[in-house]
> 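What follows is a structure written as structure tokens; I'll ask about it next.
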Number of protein chains: 2
Amino acid sequence: MRASYHEELESVLEQLHEMSHLVEIAMVEATQALLSADLERAETVISDDAKLDTMHEELEYKCLSLLMLQAPVAGELRTIVSAIRVVFELARMGDLAAHIAKIARLRFPSHAVIGDLEPNFLRMSEVCVKMIRVASASLRDHDATEALQLAAIDAEVDDLRREHFTTVLDDSWTGTTAQAVDVALLGRYYERFADHAVAVARRVIYLVTGSTPEGHEWPNA
Amino acid sequence: MRASYHEELESVLEQLHEMSHLVEIAMVEATQALLSADLERAETVISDDAKLDTMHEELEYKCLSLLMLQAPVAGELRTIVSAIRVVFELARMGDLAAHIAKIARLRFPSHAVIGDLEPNFLRMSEVCVKMIRVASASLRDHDATEALQLAAIDAEVDDLRREHFTTVLDDSWTGTTAQAVDVALLGRYYERFADHAVAVARRVIYLVTGSTPEGHEWPNA
């Protein structure tokens with residue numbers, strides 16, 4: 001019984017990795033669709049998001065079942081509770097990648113992001129991909145040290161966002177109002193994607209160290 | 001032991017109500033600050049948000065302690081798991097109200113929302129307040145029927161958002177690019193606030209009926 005329980009927990013963790021890999025692909029593809037005004041690619045990201053939502057439901061259900069049907073001990077309980085949160089964060093990240101793809105689709109055949117801002121969004125996407133990778137690796141390796149780096153990496157996303165706000169609100173901005181609005185909303189989606197990666201890392205810290213980043217000790221069973 | 005356990009669960013539910021009341025106030029005050037360019041009011045919403053974040057941490061910790069230190073049976077477990085999610089949603093709603101207040105503060109002494117769009121944002125806020133009230137009442141009354149109404153009410157938020165996009169992107173729009181960007185981001189914050197109210201309602205449906213809105217049956221212990 002216990003052995004199969006551990007196997008089930010392991011399979012939950014494996015599925016979380018698979019999901020985070022799919023989220024990473026969604027971010028890369030959505031940015032590609034955005035910057036090259038690629039409708040087909042945008043449609044794929046949008047339709048693939050439904051798979052992530054299904055994985056979210058199934059994994060959450062599996063975790064709740066493990067919680068209800070078994071009597072997990074301390075470490076297991078911590079794993080299950082963390083997994084429920086991580087799966088939620090990953091699903092939101094997938095939604096945000098789909099939001100980016102939807103703006104690409106809405107503006108097709110035009111480019112939602114005009115030339116000057118392309119490097120900014122490309123960099124934003126690179127940082128986001130790095131963040132999901134670090135978060136996922138820290139979960140796989142049970143490594144709180146890796147997870148702790150995330151907040152520092154996140155600072156670059158805020159800088160990039162400030163940078164594109166400065167561009168679209170400057171007097172020299174030659175784009176349309178719609179383009180400025182797109183940039184602002186897209187920036188928000190990338191920023192939130194990064195925030196969710198930080199949230200995953202916080203759960204890993206919780207899981208590994210048994211205390212929250214706020215310093216609460218995890219209660220011992 | 002059991003009696004005091006039930007008392008602790010009851011106190012968690014009471015604190016969730018208190019928190020949802022504070023979130024409602026934050027939304028009302030943030031909108032007021034926004035529409036009347038009231039700096040002091042905006043500052044209050046922003047500083048009060050820290051209290052909601054503290055409540056979030058404390059309540060989540062309390063729920064995890066109940067989960068770890070006791071062996072909750074089916075109904076109790078459902079309550080605790082739902083409470084952990086609801087407290088998270090409420091904290092996010094508080095953050096979004098603070099984001100609205102921050103835009104009011106950023107534009108002070110100007111108005112971030114110019115005249116024509118004031119009724120739109122006032123209505124958006126009214127719908128959001130209605131939604132948090134319905135979600136909170138459904139939680140208090142354990143009433144899934146109330147909770148099920150939320151998705152329908154949410155549709156009005158989407159309509160209002162479409163309406164203000166049409167306004168700022170129309171050729172007749174006389175505002176600045178910065179004002180259009182503010183409107184787009186503010187609209188996103190109200191929309192997300194409403195989405196989180198729907199998420200609270202989904203948790204109540206889970207809690208009361210024992211099945212998810214997707215139709216998964218809740219596992220029985």
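Letters A, B, ... mirror the listed sequences (proteins, then strands); counts begin at 1. All values below come from the heavy atoms of this structure, side chains included, with hydrogens, waters and symmetry mates left out.
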> For a side chain to side chain contact (heavy atoms under 4.5 Å, CB included) with B:M19, tell me which candidate from B:K51, B:E14, B:M55 qualifies.
B:M55
> So, the side chain of B:T209 versus the backbone of B:I205: is there a donor-acceptor pair under 3.5 Å, distance only?
yes
> Would B:R85 and A:F88 count as a cation-pi pair here, with the cationic atom under 6.0 angstrom from the ring centre and within 45° of the axis?
yes
> Check A:D158 with A:R161, please: is the shortest side-chain N to carboxylate O separation under 4.0 Å?
no
> Counting only non-hydrogen atoms closer than 4.5 Å, can you tell me which residues of residues 179-188 of chain B sit against chain A?
B:A180, B:V181, B:A184, B:L185, B:R188
> So which atom in A:S138 and which in A:A135 form the shortest heavy-atom distance, rounded to 0.1 Å?
OG-O, 2.8 Å
> Are there residues of residues 110-125 of chain B whose heavy atoms fall under 4.5 Å of chain A's heavy atoms? If so, which?
none
> Applying the side chain to side chain contact (heavy atoms under 4.5 Å, CB included) criterion to B:V86, which one of B:L207, B:V81, B:L139 satisfies it?
B:L139
> Specify the closest pair of heavy atoms between A:I153 and A:M131, including all atoms of both residues, with the distance to one decimal.
CG2-CG, 3.7 Å
> If we only count heavy atoms from C-beta on, is the B:E8 to B:K62 side-chain gap below 4.5 Å?
yes
> Determine, for A:R203 against B:E60, whether the closest basic-nitrogen to carboxylate-oxygen distance falls under 4.0 angstrom.
yes
